[in-house]
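So the structure is just underneath, and the comments pick up after that.
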Amino acid sequence: MYRITAKEVLAPVTKLFKVYAPEVARKAKAGQFVIVRVDEKGERIPLTIADYDRESGELTIVFQEVGKTTKQLGKMNVGDELASLTGPLGRPTEIENYGTVICVGGGVGIAPIYPIARDLRAAGNTVISIIGARNKELLFWEEKMRSVSDELIVCTDDGSYARKALVTEPLKEVLESGRKIDIVWAIGPAIMMKFCSLTTKPFGVKTIVSLNSIMVDGTGMCGACRVEVGGKTRFVCVDGPEFDGHEVDWNLLLERQRIYLEQEKRALEKFEREHQQACPCEEVG
Amino acid sequence: MAKVAPRNEMPRQDPKVRARNFNEVALGYSHELAVAEANRCLQCKKPTCIDGCPVQVRIPEFILALREGDMWGAVTALKDKNNLPAICGRVCPQETQCEASCVLGKKFEPVAIGRLERYVADWEIAQGVRTPTVAPPNGKSVAVIGSGPAGLTCAGDLAKMGYKVTIFESLHAPGGVLIYGIPEFRLPKHIVATEVKYVQSLGVEIKLNTVVGKLYTVDELLANGYDAVFLGTGAGLPMFMNIPGENYNGVYSANEFLTRVNLMKAYLFPEYDTPIMIGRRVAVIGAGNVAMDAARCALRLGADEVHIIYRRTKAEAPARAEELANAEEEGIQFHYLTTPVEVLGTEKGWVRGIRLQKQQLGEPDASGRPRPVPIPGSEYDMEVDMVIMALGTRPNPMVFTDTPDLERTKHGTVVANEETGRTKKPRVWAGGDIVTGAATVISAMGAGKRAAADIDAYLQNPDQPWWVENTK
Ligand SMILES: Cc1cc2nc3c(=O)[nH]c(=O)nc-3n(C[C@H](O)[C@H](O)[C@H](O)COP(=O)(O)OP(=O)(O)OC[C@H]3O[C@@H](n4cnc5c(N)ncnc54)[C@H](O)[C@@H]3O)c2cc1C
Ligand code: FES
């Protein structure tokens with residue numbers, strides 16, 4: 001029902017799929033996400049919408065293979081079908097002309113920051129983008145990001161490509177440079193978003209982050225995704241996923257992301273064991 | 001009244017065994033038991049049981065057919081008013097409905113109507129469900145939002161009348177609470193699947209993974225060719241207590257816990273991918289059906305101890321009597337007149353206990369039940385590693401996106417005429433938990449039925465005033 005129409009390997013563990021889902025593509029906006037199930041026994045996982053094409057009816061999702069489900073997803077190919085895809089969920093990014101904005105994308109977070117940067121630029125903003133990854137291999141979409149940014153700063157943690165720095169370093173420099181920055185978007189792993197928020201806080205620049213909590217339904221009915229923002233409990237799937245990074249209780253988010261670590265490990269081991277047996281010839285990425 | 005044989009018990013799995021498996025607890029009558037129970041029915045000239053049923057099932061008629069050996073006759077009488085009898089026979093609170101108004105019950109025990117209903121419905125499933133004749137297409141189409149009992153019933157009835165019906169369901173499986181909330185051991189999912197297939201066999205199309213309010217708004221559906229819209233989206237939003245510590249790892253809403261276990265089949269992890277925490281000592285807050293289900297699931301997942309914490313007494317507990325008794329038999333421990341004031345956690349953010357406070361009953365509140373009043377200084381701590389909040393639910397507002405003309409109450413339920421299901425917005429009807437707040441399967445079905453009848457009446461004659469206050 002939800003056919004994969006294109007597959008791209010962006011980095012050894014980062015894959016891009018285009019999925020044919022015309023109705024979702026018609027309604028999708030930057031900042032929203034979908035919930036995907038790989039097969040009938042699969043769990044429901046949220047994936048941010050990295051792009052959409054209303055004409056061709058395709059939706060782009062980008063994911064990093066970290067656990068059983070994303071590894072299994074990564075083994076799917078063009079022509080295969082996802083068991084389900086639900087969306088678009090969550091609130092869209094509030095695109096306005098703010099003035100000058102910084103868009104920070106870390107690791108797989110480069111994918112969701114792309115449509116936000118693109119739409120912010122189209123709305124008249126001056127967009128300064130900062131993208132980074134652990135190393136050269138994990139970096140992707142440099143040219144794509146350049147095409148929607150007025151300035152682009154690229155860095156890697158280990159210096160294997162471009163500047164050797166964490167994204168927070170150039171972020172701080174731009175803020176210190178005296179240029180007037182009106183707002184910052186930061187998307188990536190929770191820990192990176194936490195430190196981006198800490199970086200911008202002393203400058204008093206509002207910082208929007210996109211939280212990646214554990215979810216089940218994605219429609220507000222379970223509360224698995226709850227976080228605390230400004231001292232209040234909020235549901236990421238319906239109240240977010242974007243929140244003011246200065247108000248987020250990061251430690252709670254990081255703790256809640258660890259609830260199923262043990263089970264996730266078990267599931268992954270089982271999957272890898274079974275997969276090795278089934279397909280010993282598969283080349284290692 | 002002559003001597004009456006005692007009510008026939010229904011065989012059930014042994015409590016010790018069933019407390020560790022997810023198989024159905026109640027095993028159903030044998031044919032002999034069913035006939036014996038049917039023979040207890042007095043076949044009253046003026047039966048009172050029918051009025052006790054929210055959908056007015058022709059009870060004495062199906063029981064008579066059953067005891068005369070006319071099983072298809074029994075099926076026909078039963079299904080005339082009820083599209084989903086195998087479900088109702090299992091989950092309806094008969095003790096407060098049909099069985100409460102059974103004449104026999106005045107002096108003896110009432111006829112076990114629910115068990116007979118289940119017997120007849122299960123017999124039909126075993127034979128292979130027959131599709132009834134459906135009226136020829138009338139060229140009109142109706143969008144039904146939500147595939148719970150309200151939506152399924154409304155859709156089924158409209159399809160029989162010749163309407164083209166599409167159900168829009170946000171989850172990846174149809175059935176609403178029947179599939180994501182009520183556990184396998186009380187309502188096997190193959191039964192729900194059979195009943196859903198029956199509704200589909202009437203010509204109803206079900207579009208899954210479709211969140212109305214996100215993918216389409218109600219107005220878009222009305223503009224895109226649907227003559228009427230029925231909202232049966234239930235009351236799926238969980239409530240929390242707003243006490244400290246509620247976001248520690250190990251605190252679940254009953255909705256999340258049950259959805260993981262039932263819809264996602266986390267009890268079969270890792271064969272199924274969705275994980276669930278296994279609590280050793282579990283506290284469940286609340287004493288409704290949802291609380292009983294959550295407690296009994298926690299036990300079956302492997303908990304050593306499960307405690308139900310309820311602020312009133314057993315007499316006020318809203319759960320079906322049968323399920324409360326089942327939970328007691330399985331060894332769930334009940335703490336009445338007790339309420340949590342805080343969830344206690346470890347430094348790393350995991351639940352380590354719960355602080356409780358004793359209550360006493362005071363004056364009746366708005367619901368007519370005595371109000372629990374805290375006893376100061378009665379706080380004590382209980383060591384637990386999991387807490388499940390089963391405090392009730394409210395309608396999910398998502399379906400109302402961009403439709404301010406759908407008037408709602410301060411409880412978040414939609415305003416609708418009880419008899420017709422009409423909301424304040426022309427061509428939009430609603431029924432089930434979205435109107436009443438969390439209630440019962442059968443009341444949702446009743447509302448779906450009444451709305452289907454009114455949708456038909458209205459679409460045949462749209463030149464009538466839209467909004468009429470309740471007349472009852
Ligand atoms: C755990 C539990 C146990 C229960 N036990 C019993 C019992 O033993 N006996 C009894 O009589 N009652 C019981 N109840 C109550 C009963 O299940 C409900 O009253 C009944 O299911 C309500 O039916 P409904 O059709 O109104 O809504 P629901 O069954 O809630 O169905 C609503 C459906 O709409 C879908 N939906 C919601 N929003 C949207 C949207 N925007 N777009 C598309 N689809 C949407 C939902 O996913 C859901 O599938 C229980 C409830 C729970 C939670
Ligand atoms: S994922 Fe269930 S409420 Fe957000």
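Throughout, protein chains are lettered first and strands after them, A, B, ... in sequence-line order, and every chain is numbered starting at 1.
- Interface remark: B:Y248 contributes backbone atoms only to the contact with chain A (heavy atom separation under 4.5 Å).
- A donor-acceptor pair under 3.5 Å is formed between the side chain of A:R226 and the backbone N or O of B:E246.
- Residue A:L85 touches chain B through its backbone alone, counting heavy-atom pairs closer than 4.5 Å.
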Inset, instruction - May I have the step-by-step check of side chain to side chain contact (heavy atoms under 4.5 Å, CB included) for A:E43 and B:F269, ending in yes or no? - result: CA-CA 10 Å; A:E43 60 183 335; B:F269 179 86; over 6 Å; no
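- At a threshold of 4.0 Å, the pair A:K27-B:E220 counts as salt-bridged, since one of the basic side-chain nitrogens sits closer than that to a carboxylate oxygen.
- Interface with chain B: from residues 229-247 of chain A, residues A:T233, A:F235, A:V238 qualify, criterion being any non-hydrogen pair under 4.5 Å.
- B:S253 places a side-chain N or O within 3.5 Å of a backbone atom of A:C222 that can act as its donor or acceptor partner.
- Not one N or O on the side chain of B:N247 forms a donor-acceptor pair closer than 3.5 Å with the backbone of A:L252.
- Between the side chain of B:N255 and the backbone N or O of A:M221, at least one donor-acceptor pair lies under 3.5 Å.
- Taking 4.0 Å as the cut-off between side-chain N and carboxylate O, B:K207 and A:E23 count as a salt-bridged pair.
- A distance of 9.5 Å separates OH of B:Y272 from CG of A:D39, quoted to the nearest 0.5 Å.
- By number of non-hydrogen pairs under 4.5 angstrom with chain A, the leading residue of B:L263, B:N242, B:L208, B:V251 is B:V251.
- Rounding to the nearest 0.5 Å gives a distance of 12.0 Å between NZ of B:K348 and CG of A:L254.
- Of the options A:K68, A:R266, A:K41, a salt bridge (charged side-chain N to carboxylate O under 4.0 Å, His left out) to B:D273 is made by A:K68 and by none of the others.
- Heavy atoms closer than 4.5 Å to chain B are found in the backbone of A:R258, but not in its side chain.
- Of the two parts of B:M277, the backbone and the side chain both hold a non-hydrogen atom closer than 4.5 Å to a non-hydrogen atom of chain A.
- Both the backbone and the side chain of B:K214 come within less than 4.5 Å of a heavy atom of chain A.
- Near-neighbour residues of residues 13-22 of chain A relative to chain B, defined by a heavy atom under 4.5 Å from a heavy atom of that chain, are none.
- Contact annotation for A:T219: both backbone and side-chain heavy atoms come within less than 4.5 Å of a heavy atom of chain B.
- For the options B:L215, B:V211, B:L237, B:T274, heavy-atom pairs under 4.5 Å to chain A are most numerous at B:L215.
- Remark: side-chain polar atoms of A:Q263 are paired, donor with acceptor, to backbone N or O of B:I276 under 3.5 angstrom.
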